[in-house]
Amino acid sequence: MSTSTTTPEQDPELHTPLGGVPLTAGQLPRGAAPGMLVASAVAGLLLWLLAGWAIVPCALLAAAAYVVIVYTWSRAVEGPRKATDRLVTAIVSGAFLLALLPLISVLFTVVSKGLERFDAEFFTYSMVGVTGEGGGIYHAMMGTLIITGLAALISVPIGMLTAIYLVEYGRGKLAKAITFFVDVMTGIPSIVAGLFAYALFVMIFGPGVRMGIAGAVALSVLMIPTVVRSTEEMLKLVPNELREASYALGVPRWRTIVKVVLPTALAGIATGVTLAIARVIGETAPLLVTAGLTDGDNFDPFDGRMTTLSVYSYYEYVSPGLFAEASFDRAWGAALVLIIIVMVLNLIARIISKLFAPKTR
Amino acid sequence: MASTTEAPPRKDRAPQRPGDRIFAGISTGSGVLILLALAGVAVFLVTEAWPSLTAPAEDIPGGEGLALYIWPLLFGTLISAVLALVIAVPLAVAIALFITHYAPRSIAKALGYVIDLLAAVPSIIFGLWGINVLAPVTVDPTTWLSEHLGWIPFFAGPASSTGRTMLVAIIVLAVMVLPIITAVVREAFTQTPKLHEEAALAIGSTRWEMIRMAALPFARSSIIGASMLGLGRALGETMAVAMVLSASGGVSFNLISSENPPTIAANIALQFPESSGIAINTLIASGLVLFAITLVVNMIARAVINRRKDFSGAN
Amino acid sequence: GSANEEGASGGLTINGAGASSQEAAQSAWRTGFLKNNDGTINYDPVGSGGGREQFTSGGVDFAGSDAYLDDKEVKAAQERCGEGGFVEVPAYVSPVALITNIEGVDSIKLKPETIAKIFNQKITKWNDPEIAATNKGVDLPDTTIVPVNRADESGTTENFVEYLEAAAPEQWPHEVSGNWPVEGGEAAQGTSGVVQAVKNGSGTIGYADASQAGDLTTVEVGVGDEFVKYSPEAAAAVLDVSERAKGRGEHSFAYDLARDTKESGTYPIVLVSYVLSCTNYDNADKAAMVKDYFNYMISAEGQKAAAEQAGSAPISDELRSKIQPAVEAIGSSNSGS
Amino acid sequence: MAKRIEVKDLDIYYDKFLAVQGVSMTIQPRSVTALIGPSGCGKSTFLRTLNRMHELVPNARVEGSIVMDDDDLYAPSVDPVNVRRQIGMVFQRANPFPTMSIYDNVAAGLKLNNRRLKKSEMDDLVERSLKSANLWEEVKDRLQKPGSGLSGGQQQRLCIARAVAVQPEVLLMDEPCSALDPISTQAIEDLMLELKANYTIVIVTHNMQQAARVSDTTGFFNLQGVGKPGELVEIDETTKIFSTPSQKATEDYISGRFG
Amino acid sequence: MAKRIEVKDLDIYYDKFLAVQGVSMTIQPRSVTALIGPSGCGKSTFLRTLNRMHELVPNARVEGSIVMDDDDLYAPSVDPVNVRRQIGMVFQRANPFPTMSIYDNVAAGLKLNNRRLKKSEMDDLVERSLKSANLWEEVKDRLQKPGSGLSGGQQQRLCIARAVAVQPEVLLMDEPCSALDPISTQAIEDLMLELKANYTIVIVTHNMQQAARVSDTTGFFNLQGVGKPGELVEIDETTKIFSTPSQKATEDYISGRFG
Ligand SMILES: Nc1ncnc2c1ncn2[C@@H]1O[C@H](COP(=O)(O)OP(=O)(O)OP(=O)(O)O)[C@@H](O)[C@H]1O
Ligand SMILES: Nc1ncnc2c1ncn2[C@@H]1O[C@H](COP(=O)(O)OP(=O)(O)OP(=O)(O)O)[C@@H](O)[C@H]1O
Ligand SMILES: [Mg+2]
Ligand SMILES: [Mg+2]
């Protein structure tokens with residue numbers, strides 16, 4: 001054989017197994033971890049109920065106790081690697097629970113206060129001629145849908161195409177500049193975006209201009225960077241292997257992007273787009289200076305003032321007059337509707353991405 | 001029989017079919033459009049800010065000149081955004097991990113949805129929640145902190161009696177950016193190739209080691225990207241901070257007193273409506289500074305990402 | 001939406017913008033006015049500064065402002081409105097209440113000097129002898145005083161600070177502006193923010209539109225030798241003892257309020273908010289509508305509506321008769337056509 | 001129909017790293033050309049330059065010329081997409097589209113290019129392609145399942161079916177049979193012999209017997225040493241290479257017959 | 001040291017699809033067991049159940065028992081991490097970590113188990129692992145480059161080096177040489193023969209000659225037909241299988257000698 005030169009040299013050390021721990025040795029007893037969890041939770045509860053401590057330190061203490069005990073016990077019995085694994089598991093799950101706290105708290109607040117005004121009038125009437133109690137959000141609901149819809153119509157294509165440019169075409173200075181400035185764009189304060197859009201429309205239509213589309217433009221300035229960034233990240237995760245497979249079939253680049261790359265990244269892109277919408281749908285300041293505020297229905301984004309839910313909610317809250325209760329109820333109700341709208345959008349995005357997503361996992 | 005000569009010989013270097021050229025054209029166009037829009041914003045900012053840049057110091061609100069006016073704002077902006085990110089990023093990564101790698105498969109999707117709900121909450125609601133729910137809750141703990149850990153500059157105290165502190169603003173900001181970061185990172189984690197996860201597990205990694213070996217490096221660029229997105233949001237967040245923060249002080253690391261530096265965006269929202277003349281120019285100038293800050297921060301982040309470009313997970 | 005009447009489509013639209021303090025009152029006026037008139041009225045509560053800016057640049061037909069126009073703005077307004085100049089009348093008067101949240105205390109009297117010292121953070125305990133001196137028989141606790149001020153620039157702050165400067169110049173050395181001049185208090189956004197902060201804190205004291213005071217304890221303010229609790233009548237009375245600012249055109253009724261009045265039965269901490277319009281509009285119908293609307297705003301009926309909705313203090317008949325001619329001056333040079 | 005490919009003085013770079021140097025050869029139409037050589041010598045790299053896939057790697061470059069019939073593939077006026085339409089490729093690592101069903105994977109070449117066929121024609125084409133890759137029997141009941149749920153060998157055959165379905169004029173195959181069992185290997189070899197009546201076929205293989213069985217011409221690539229670029233040592237009729245190679249290196253490599 | 005693995009009545013499912021049915025066999029310690037069979041018959045699937053990789057596929061299940069020495073691998077008290085730590089695996093499709101350098105790819109497993117390894121020791125082990133996978137010469141100058149910039153065969157060898165570096169007691173290899181040239185194949189085969197002195201080795205291969213050369217025992221998997229589950233038809237000493245198999249199916253498969 002002529003291959004003797006490349007034959008690996010003798011290597012006794014490598015060629016003996018390291019020998020590991022027995023498969024069953026070093027295991028915490030079954031149910032040890034959940035048991036400990038329950039025990040710490042109970043201890044925390046006792047501290048809270050019996051010793052009369054505040055709930056937060058009790059919970060923290062219980063969590064810390066659980067983590068420490070499980071970690072040290074596991075370290076002693078199962079070794080450091082397994083212990084670290086358990087530690088991370090505890091931390092990760094804890095982080096999730098921790099994140100649920102504000103969520104539950106916020107939702108509870110909004111739902112409990114917002115449900116007050118979930119009646120037919122609320123959804124079918126505007127605020128024309130309403131003082132004190134009553135009144136509805138129909139005009140604001142439609143305004144929100146129209147303005148946010150327009151903003152999405154502007155920013156989703158622009159944002160996605162830009163992301164495509166950055167990932168698929170972009171080389172050189174232009175791409176660098178765009179990447180960079182898109183990042184910068186994420187930091188524009190919303191009011192500045194509003195003032196910018198206002199200034200732009202004043203140049204075209206003269207002073208005092210208020211129209212839905214101006215609001216949509218302002219929102220687009222805020223939305224685009226989120227769309228670009230999240231889409232870009234998702235496109236970058238698509239394996240090059242797939243692009244090559246497609247190119248090798250003689251598929252032009254743009255078709256590869258449209259038919260292979262985008263569908264693969266679709267779930268992520270849909271999430272990104274809903275995030276972007278959620279980001280802007282609750283804006284107030286930029287909309288007030290561009291789209292204004294009105295009591296009545298106006299569904300023409302190219303003429304006259306339009307109210308959106310967030311602006312509506314904000315001003316019901318900050319200048320309630322003497323009938324504060326009624327006003328606050330309307331404010332919270334509008335906020336709840338806003339959340340529901342985003343939820344529905346999110347759901348739609350998920351359905352879309354489910355329909356087109358890779359069928360692998 | 002199609003032949004390569006079908007396309008007439010052209011002089012340009014990279015011949016492309018019409019579809020490609022159109023597509024490349026419009027996608028480049030969109031990018032350029034963004035640049036133009038941004039240039040527009042920049043021009044707008046500069047022209048509007050200009051009078052305050054050239055105005056004598058005593059005309060600027062506060063009477064001590066532009067730099068001294070903006071400096072506390074800048075400080076407040078940075079400290080709130082950075083600390084919010086310090087809280088949010090690890091939490092977001094942990095949550096994304098929990099959803100993708102720890103939670104039982106059957107409920108993982110639902111959990112993701114639950115977190116996305118947080119993203120659906122508009123700023124003013126976070127503001128209201130911050131004032132009504134979160135701030136009162138923090139009063140006792142911060143009092144305790146100022147009494148026992150007062151030697152740490154962050155907790156110097158005296159604790160605010162209403163809880164409308166920088167700490168609360170930071171927490172609110174963290175909660176606001178959390179779902180954004182989580183969503184992007186979560187998608188990255190779900191995209192981690194099975195092949196690489198299996199490779200890691202097959203050499204005897206625990207779940208966490210597998211995550212460190214395969215999932216985290218793969219999602220690295222996404223984590224940074226998502227954090228940048230979150231940072232932008234935190235830097236630019238207006239209403240929630242304006243509502244929550246008791247901004248009545250100057251530069252201070254003290255997070256739990258009622259004397260806090262305002263943030264640039266919130267300050268604009270607070271002062272803009274009733275301002276006129278040079279005061280407005282000054283506010284816009286502070287917006288310009290925010291713009292510049294975002295620029296610098298992102299420059300740094302980009303540099304970090306590009307350093308390990310070759311090691312991209314897409315290969 | 002079908003239930004809504006014609007709205008935008010029926011008749012004329014006039015647009016206004018300005019002070020957010022007027023928003024509730026504007027809503028009441030709008031509603032009341034449109035009961036008997038056609039058309040649409042919009043009011044964007046973008047803030048006084050924005051309102052004045054948009055008014056002088058011709059962006060809106062009328063504006064609301066917590067402060068009267070300064071000299072530069074007067075010129076701009078005259079330029080915009082042309083020949084006849086502009087109309088500037090006080091239409092919204094609102095008492096500013098001092099609200100407190102002190103455990104076990106449900107009535108408290110404070111002299112202007114004491115108020116100034118409290119907000120200047122010279123007096124820091126509720127049981128300070130100076131406070132005790134005017135509150136015999138009240139069990140004042142030994143808690144720290146937490147003064148709450150507006151974080152945003154506002155007419156309320158400006159009026160309150162003006163009051164402090166006029167009524168207690170020794171104790172209040174700060175310059176007057178819409179920005180709170182003292183560092184270190186608790187700052188909160190908007191009236192509702194201040195109310196919220198006062199409510200949530202302990203030992204707090206703040207200033208806010210009286211309509212939002214709710215069930216918080218309000219301070220009786222020392223005027224001369226007596227202590228006055230805020231009331232609409234007491235607040236509106238201030239305008240009657242105040243001087244009209246000079247040299248601003250015949251239709252401008254800007255008042256420098258007599259904050260230091262000793263007049264019995266006046267409540268000196270008030271926010272006076274103006275409405276602005278031109279005397280001349282190209283469009284005769286618009287002119288008529290603006291005029292009618294302004295007339296309604298200052299009418300007894302309009303003032304009553306605002307009082308019921310927004311908790312403002314109706315202006316006195318005496319004042320109304322003074323400013324009526326200014327409103328009557330609104331018209332159109334094209335009225336013939 | 002089938003094309004002759006003329007390669008002249010080809011240098012292939014990854015950024016600054018010269019991976020393959022000075023390759024000149026003629027690939028005959030209506031024949032099978034096999035490329036053999038040790039791992040890492042640049043066979044895949046060379047193969048990928050033939051249909052301009054190489055330039056997709058960032059900073060990768062090619063110097064020299066590749067002429068197909070009379071067209072320089074790297075001429076500025078040539079659209080790489082057209083090149084790839086005519087020169088199909090099967091990759092070393094199977095890469096079915098995870099977003100697509102098995103059926104769509106095979107139809108991908110047509111569908112992605114928006115060439116519309118009648119449903120029945122398409123079905124027919126898919127079936128024929130899968131049959132020629134010897135996969136039909138195994139997947140006919142689950143054509144709508146994702147392609148990633150297949151075994152390694154099945155994925156490889158799926159990729160072959162996908163490449164065959166677009167009927168290119170030249171077919172490049174990078175170790176098409178490496179993941180296949182003898183039966184499938186036989187089927188693919190049969191396919192190659194069938195196709196060569198009309199197509200030009202280039203395969204990379206580590207399997208000398210396979211090269212000997214199916215190819216008409218064999219090229220041997222080698223490295224001078226570590227870090228040196230790969231070179232085409234010898235190319236000749238297969239029978240000649242496997243009986244009386246003119247180079248010592250070739251003989252050494254061949255004589256260690258494995259596989 | 002090396003472990004014996006006892007498989008009994010193993011049924012392997014992908015969700016509802018029964019992929020492999022009723023496998024019983026004994027894998028001897030200190031020997032090489034080869035698994036052969038047509039594509040799609042479940043060799044990889046079976047191999048992946050041996051170190052509990054199979055359960056990573058969503059909804060995948062296993063019924064039956066696998067006992068290593070005296071421990072049931074699927075007992076509830078057994079930690080799959082420990083199983084995989086002792087039973088290493090090389091996958092059919094090379095899967096180096098794209099985010100790591102070549103060095104780190106090999107060191108990845110080492111770092112897990114002996115944290116306190118000195119830099120020099122680590123270097124040493126990496127070098128020796130790469131050498132035994134016959135890759136050292138080719139990559140020693142670019143250890144810090146990403147693993148994805150290697151040729152197909154190099155990637156495969158990198159994965160072998162990575163698996164060997166952690167020194168497991170059992171080594172499962174799914175077609176480890178399919179992407180390799182004869183020289184590297186020889187090197188890997190040598191490695192297997194060396195390792196078997198201390199390790200238990202199971203390989204899947206399509207190459208009968210390779211099975212004949214390196215294995216002591218050979219198992220033949222087959223399918224009854226399309227859609228039917230794969231089965232272990234016969235397992236016996238390699239010499240016996242390749243000379244006088246007891247089953248007709250085995251003989252048919254073997255006799256169509258290819259490869
Ligand atoms: N993830 C999966 N989901 C569903 N079915 C699968 C999956 N992976 C493999 N299969 C099916 O299980 C059967 C056995 O596949 P396996 O990969 O074990 O075959 P194999 O013997 O390794 O074949 P090859 O030699 O081609 O690699 C095949 O019919 C295959 O289609
Ligand atoms: N993307 C890349 N970037 C940098 N170098 C590369 C890249 N791909 C391959 N190389 C290097 O180029 C050389 C040739 O690689 P190539 O893939 O062509 O080898 P090969 O002959 O196909 O080997 P094998 O038989 O192992 O597949 C190798 O040294 C390899 O490490
Ligand atoms: Mg190769
Ligand atoms: Mg297999």
For a 4.5 angstrom cut-off between non-hydrogen side-chain atoms, does E/K111 reach B/E209? no
Run the side chain to side chain contact (heavy atoms under 4.5 Å, CB included) check on E/R93 and B/L195 step by step: do they pass? CA-CA 8 Å; E/R93 243 170 77 132; B/L195 220 56; 3.7 Å; yes
Under 4.5 Å from any heavy atom of chain B, what part of [X] do you find: side chain, backbone, both or neither?
| X | value |
| --- | --- |
| E/I87 | backbone |
| E/P96 | backbone |
| E/R52 | neither |

For E/T99 and B/P217 the tightest heavy-atom approach is OG1-CB, 3.2 Å
Could you pull out the closest heavy-atom pair between E/F97 and B/H196, with the gap in Å? CE2-O, 3.4 Å
Is the number of heavy atoms from other residues, nucleotides or ligands within 6.0 Å of NZ (B/K109) greater than 12? no
Among E/V81, E/N51, E/L56, whose side-chain contact (heavy atoms from CB on, under 4.5 Å) with B/L201 holds? E/L56
How long is the straight-line distance from [atom2] of [Y] back to [atom1] of [X], given to the nearest 0.5 Å?
| X | Y | atom1 | atom2 | value |
| --- | --- | --- | --- | --- |
| E/M89 | B/I203 | CE | CD1 | 13.5 Å |
| E/N95 | B/E198 | CG | CD | 8.0 Å |
| E/R85 | B/T206 | CZ | OG1 | 12.5 Å |

